[in-house]
Amino acid sequence: MTSATSRYTRIEVPEERPEERVEDFREVLHAYSKEEAVLEAQRCLQCDLPFCVEACPITQDCRGYIGLIADGQFDAAAHLTLVANPLSTTLCKVCYHYCEDACVMKGRGTPIAIRHLKRAALDFGNSHRMYVPSAPKHQRVAVVGAGPAGLMAAWELGLRGYGVTVIEKQPAVGGQAGAIPRYRMPHHELLVDLQRFRNLDVTFVEGKTAGVDFTPESLLKEGYRAVFLAIGASRANTPGVPGESLPGVIFALDFLYDVNQNRPVQLGEKIVVVGGGDVAVDAVRSSLRLSPGAHVTMAYRRTRAESPAGEEEIRETEPEGIEFRWLVSPQRILGGSRVEGIVFDKMELAPPDASGRRAIRPVPGVSETIECDTVILAVGEKADLTGFPAELKLAIGTKGWPEGSRADTMTAVDGIFAAGGRSVVHAMAAGTRAADGIDAYLAKLDGRTPTPRPDPFGDGTAPPWIPKGYSGPVWRP
Ligand SMILES: Cc1cc2nc3c(=O)[nH]c(=O)nc-3n(C[C@H](O)[C@H](O)[C@H](O)COP(=O)(O)OP(=O)(O)OC[C@H]3O[C@@H](n4cnc5c(N)ncnc54)[C@H](O)[C@@H]3O)c2cc1C
Ligand code: SF4
Ligand code: SF4
């Protein structure tokens, strides 16, 4: 470190210029060079009590890999990353970096660029090692849903020697991670991660839907010893306003999947995205890239400060030429053969509700109309439980994915588990909880002890799962 100030200032992450990056879906953030990564890693204080690790849902030893990068040991840093994180290549691009929010350097300047250093570890270290399974158990488990929760459970169980069949209704694996626009994560990241699964007994079956082609119980009857439902929240919510079925009204989730899978999408010249979360931000930024010259507005019923979208995403979006409208809530969508506009009620902040969050209420008699030819709805998602038996008594959390009602994520039906998560890394943590629950459940049935979490590379190089100084998670599922 050359000066006292530089310790508190992040080595800038290079990025594409706003006026050029909106021309196409090129990746916005560039990688650190080796030298930049070492300098950034050297800012880390190597805290005895690693708040960064405690904030990471999968307890990734980020302090450890940062220390190794600071010493220029990129191979060891890549190893330490991959040993606990099979979706590292994905996460180094898209994780919402809860670790950085908890980093002590945040209070003193800028937090260490922990996610970006994960990318440097994989870029400059050996990131091509294959996972190695323990001795086969000759027992199969079915995982329904190939999103991050399902993939993590498949990894955990595959490493322990189980055979795993992952059944997915879409033609591709990845779940909602497959809807993340390419300017944040180019297409191949998830495939790079999946390549490392090749030695594990994990089979993917695509294009089969639970509730239509099979049921969780039919899988048990077929001989699977347990079933993990990792079906996420794949059905878009609607705001429930008149006009929401007009031609020209589309759902953000469908739109983003279509864009990533190169399916044609029809956008107009005046686009309004309704919603304030990360999916809404992805929809406005993607619209701008697909429809050059279009006027794109994002309309949210609360303020910017209360928007659920990440600060980083909003900061990156602001210079791209998008109009933000805060404190407006859709009242009705106008049009005949196609959308022509949308009427919003003006909202104002009210005193906090029981959760401590500022409530909002309409300003009496004040509304405004925004002319548009396309409305993209990004007001959340929920699980699609069509065809799932009621006996499972699936609990649906606030974000919409189903959870088993027991502590180990088991549903009311023995042997059937369910979980998901509000981000890629939370979903992975849920997958680990489910895999631990499944292994403990099967061990009990078979009269053996649960399988300890194995050494993923099978060569005795796995560090302890719990990093030194870790005192427990600070995150909530
Ligand atoms: C546009 C967008 C951008 C996002 N950006 C980020 C980001 O940058 N960072 C981040 O951390 N998180 C992001 N997220 C959130 C993150 O992707 C999700 O939290 C995460 O994918 C949830 O994982 P999951 O495995 O629980 O569910 P999902 O990813 O939803 O996976 C569930 C899978 O189950 C399948 N399925 C559903 N029903 C059935 C059925 N009946 N039969 C068979 N298969 C079924 C679905 O097709 C899907 O593939 C984003 C989400 C979206 C939509
Ligand atoms: S996985 Fe995410 S939260 Fe965990 S250390 Fe990496 S960037 Fe941070
Ligand atoms: S909290 Fe920040 S400074 Fe401390 S070990 Fe973690 S990354 Fe380094």
Side-chain angles (χ1 to χ4, degrees), residues 41 43-67 81 84-85 87-88 90-106 108 111-118 144-153 166-170 172-181 184-185 206-214 229-235 252-253 255-257 260 277-283 286 310 313 378 381 383-388 399 401 419-428 430-431 469 475:
R43 292 206 302 126
C44 170
L45 303 176
Q46 291 292 302
C47 307
D48 284 339
L49 182 61
F51 291 127
C52 49
V53 178
E54 295 190 355
C56 174
I58 56 168
T59 320
Q60 170 95 84
D61 187 359
C62 44
R63 175 189 56 185
Y65 72 65
I66 295 169
T81 303
N85 182 350
L87 304 184
S88 296
T90 302
L91 281 178
C92 80
K93 299 286 176 79
V94 305
C95 187
Y96 294 136
H97 48 68
Y98 306 96
C99 49
E100 293 179 25
D101 292 337
C103 170
V104 293
M105 292 297 274
K106 186 173 178 178
R108 305 178 190 190
I112 308 301
I114 303 174
R115 185 189 74 194
H116 221 63
L117 288 173
K118 195 192 307 295
V144 181
L151 293 174
M152 187 69 171
V166 183
I167 311 169
E168 167 59 50
K169 72 174 176 180
Q170 295 286 343
V173 303
Q176 289 189 353
I180 297 175
R184 293 206 284 122
M185 180 171 77
E206 285 141 18
K208 295 274 179 216
T209 304
V212 176
D213 300 306
F214 62 91
L229 301 176
I231 59 170
S234 59
R235 179 178 280 185
L253 193 56
F255 164 63
L256 293 167
Y257 273 126
N260 272 2
D278 291 303
V279 177
V281 173
D282 283 340
S286 296
E313 279 70 33
E381 296 88 32
D384 182 355
L385 296 178
T386 315
F388 281 74
K399 293 284 180 180
W401 61 84
R422 65 184 153 99
S423 70
V424 172
V425 72
H426 281 94
M428 289 168 68
W475 60 278

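All ligand and atom numbering here is 1-based and tracks the order in the structure. When a residue number appears, it is its place in the shown sequence, counting from 1.
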Ligand 1 versus [X], non-hydrogen atoms closer than 4.0 Å: side chain, backbone, both, neither?
| X | value |
| --- | --- |
| A427 | side chain |
| L256 | side chain |
| W401 | neither |
| P148 | both |
| L253 | side chain |
| V144 | side chain |
| K208 | backbone |
| V94 | both |

Can you pull out the closest protein heavy atom to [atom]? Residue, atom name and distance to 0.1 Å, please.
| atom | answer |
| --- | --- |
| atom 25 (O) of ligand 1 | A149 N, 2.9 Å |
| atom 3 (S) of ligand 3 | L45 N, 3.4 Å |
| atom 51 (C) of ligand 1 | Q176 OE1, 3.4 Å |
| atom 6 (Fe) of ligand 3 | C52 SG, 2.4 Å |
| atom 8 (Fe) of ligand 3 | C44 SG, 2.3 Å |

Task: Side chain E100, main chain R115, donor-acceptor under 3.5 Å - done: yes
Open item on the list: Closer than 3.5 angstrom, by distance alone: can the side chain of N85 be matched with the main-chain N or O of Q60 as a donor-acceptor pair?
Closed with: no
Below 4.0 angstrom from a heavy atom of [X], which ligand 3 atoms are there? Numbered from 1 as shown, please.
| X | result |
| --- | --- |
| V104 | 1 (S), 2 (Fe), 3 (S), 4 (Fe) |
| C47 | 1 (S), 3 (S), 4 (Fe), 5 (S) |
| I114 | 7 (S) |

Tell me, please: is [X] in heavy-atom contact with ligand 1, that is, under 4.0 Å?
| X | answer |
| --- | --- |
| Y96 | yes |
| H426 | no |
| E381 | no |
| G211 | no |
| I180 | yes |

Task: Enumerated ligand 1 atoms positioned under 4.0 Å from heavy atoms of F388 - done: 41 (N)
- [ ] Using a strict cut-off of 4.0 Å, indicate which atoms of ligand 1 neighbour a heavy atom of G175.
- [x] 29 (O), 31 (O), 48 (C), 49 (O)
Are [X] and [Y] close enough that some pair of their side-chain heavy atoms sits under 4.5 Å apart?
| X | Y | value |
| --- | --- | --- |
| P57 | Y98 | yes |
| S234 | K169 | yes |
| S286 | L256 | yes |
| R184 | D282 | yes |
| Y96 | H426 | no |

Open item on the list: Under 4.0 Å, heavy-atom basis, I'd like to know which part of K118 is in contact with ligand 2: side chain, backbone, both or neither.
Closed with: side chain
Open item on the list: If I take every N, O or S atom of C103, is at least one of them less than 2.8 Å from atom 8 (Fe) of ligand 3?
Closed with: no
- [ ] Would you give the length of the straight line joining atom CG of L87 to atom CE of M428, rounded to the nearest 0.5 angstrom?
- [x] 4.0 Å
Task: C99 near atom 8 (Fe) of ligand 2 via N/O/S, less than 2.8 Å - done: yes
Please confirm whether [X] comes within less than 3.5 Å of ligand 1 when only nitrogen or oxygen atoms on both sides are compared.
| X | result |
| --- | --- |
| S423 | yes |
| C95 | no |
| G174 | no |
| T209 | no |

Open item on the list: I'd like to check which ligand 2 atoms, numbered from 1 as shown, lie under 4.0 Å from a non-hydrogen atom of C95.
Closed with: 1 (S), 2 (Fe), 3 (S), 7 (S)
Open item on the list: Within the 4.0 Å heavy-atom shell around L91, which atoms of ligand 2 are there?
Closed with: 1 (S)
Task: Heavy-atom closest contact (D384 atom, I231 atom, distance) - done: O-CD1, 4.0 Å
Open item on the list: Given P148, which partner from the list V424, T90, V425 fulfils the side chain to side chain contact (heavy atoms under 4.5 Å, CB included) test?
Closed with: V424
- [ ] Pick, from A252, G178, G147, P57, the option with the minimum heavy-atom distance to atom 31 (O) of ligand 1.
- [x] G147
